[in-house]
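To start, the structure itself, in structure tokens.
Residue numbering restarts at 1 for every chain, and letters A, B, ... go by the order of the sequence lines. Only a predicted model underlies this, so the values are computations on that prediction, with no experimental measurement involved.
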Amino acid sequence: GENVEQHPSTLSVQEGDSAVIKCTYSDSASNYFPWYKQELGKRPQLIIDIRSNVGEKKDQRIAVTLNKTAKHFSLHITETQPEDSAVYFCAASILGGQNFVFGPGTRLSVLP
Amino acid sequence: SAVISQKPSRDICQRGTSLTIQCQVDSQVTMMFWYRQQPGQSLTLIATANQGSEATYESGFVIDKFPISRPNLTFSTLTVSNMSPEDSSIYLCSVRQGGGYGYTFGSGTRLTVV
């Protein structure tokens with residue numbers, strides 16, 4: 001089955017700096033890769049996703065890149081703000097499939 | 001995206017008892033999913049609930065421990081049976097958006113077993 005690894009487990013950055021979180025997956029059949037943000041005590045929320053037919057997707061300060069050959073994808077947050085502090089989860093699945101396999105999460109702290 | 005109401009939001013239960021968690025969606029969905037998030041951990045799928053059929057359980061989860069009902073296309077329940085402290089977790093229901101978009105999650109039920 002699919003296995004998703006995520007690094008780093010914790011990340012601290014200064015406000016205004018960039019943050020990068022990397023995930024690798026094992027199942028070459030996976031073709032959909034969402035990222036979720038979970039603030040303390042709240043539900044996970046989808047912030048960006050990418051399908052395997054594209055290599056990069058941007059939405060304002062966040063972007064995701066995908067390298068299908070290497071089976072890894074990354075979340076990039078630019079100009080970080082304190083409200084970006086949260087736990088971020090990557091996931092991998094097959095479009096139309098039932099199960100997302102989530103990475104273990106990255107706790108991002110943006111220091112003022 | 002779908003709006004999901006989940007209750008209770010939290011509960012403290014005695015070991016050996018059972019708790020039923022309810023999940024209501026504001027639109028009809030074919031599949032509803034139940035996840036567990038242990039303290040400080042990631043999300044793990046417990047089971048997929050389809051209306052009119054038995055739920056499909058993931059490895060490590062069994063129907064006797066986590067019975068699920070799905071009486072219609074907008075509602076599902078998950079029961080955590082014969083609870084032990086190891087069942088202390090956040091339980092989340094979710095639905096998949098159409099067109100292959102990511103899941104929308106309910107607000108979660110924080111369960112503490114004492």
* Please list all pairs passing the disulfide bond (SG atoms under 2.5 Å apart) test where one or both residues lie in residues 29-58 of chain A, with sequence neighbours left out. =>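 Qualifying pairs: none.
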* **Where at least one partner belongs to residues 19-63 of chain A, residue pairs that pass disulfide bond (SG atoms under 2.5 Å apart), sequence neighbours excluded** =>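 Applying disulfide bond (SG atoms under 2.5 Å apart) to every pair that reaches into residues 19-63 of chain A, excluding sequence neighbours, yields A:C23-A:C90.
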* Donor-acceptor under 3.5 Å (A:Y36 side chain, B:Y103 main chain) ->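 Side chain of A:Y36 to backbone of B:Y103, a donor-acceptor pair under 3.5 Å: yes, one is there.
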* To do: State plainly whether one hydrophobic cluster holds both A:L46 and A:W35, where clusters connect Ile, Leu, Val, Met, Phe, Trp and Tyr through side-chain heavy atoms under 4.5 angstrom apart.
  => no
* B:V29 and B:I4: same hydrophobic cluster, using ILVMFWY side-chain contacts below 4.5 Å? ->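 Yes, same cluster.
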* Which atoms of B:L43 come close to chain A, meaning under 4.5 Å heavy atom to heavy atom: side chain ones, backbone ones, both, or neither? -> both
* Measure B:Q6 against the heavy atoms of chain A and call it side chain, backbone, both or neither at under 4.5 Å. =>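 Contact with chain A involves no heavy atom of B:Q6 at all.
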So with a 6.0 Å cut-off around [atom1] of [X], is the heavy-atom count from everything else above 12?
{"X": "A:K22", "atom1": "NZ", "answer": "no"}
{"X": "A:E15", "atom1": "CD", "answer": "yes"}
{"X": "A:R61", "atom1": "CZ", "answer": "yes"}
{"X": "A:E83", "atom1": "CD", "answer": "yes"}

* Is it the backbone or the side chain of A:Q38 that comes under 4.5 Å from a heavy atom of chain B, or both, or neither? -> side chain
* **Any residue meeting side-chain hydrogen bond (donor to acceptor under 3.5 Å, both in side chains) with B:S27, in chain and number order, not counting sequence neighbours** =>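 side-chain hydrogen bond (donor to acceptor under 3.5 Å, both in side chains) check on B:S27 returns nothing, list empty.
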* Tell me the residues of residues 101-112 of chain A whose non-hydrogen atoms fall below 4.5 Å from those of chain B, in number order. => A:F102, A:G103, A:P104
* Among A:P44, A:P34, A:G1, residue most engaged with chain B (heavy-atom pairs, under 4.5 Å) -> A:P44
* Asked: Where is the tightest heavy-atom contact between B:G106 and A:R43, given as atom of each residue plus distance?
  ->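 So the minimum-distance heavy-atom pair works out to O-CB, 3.3 Å.
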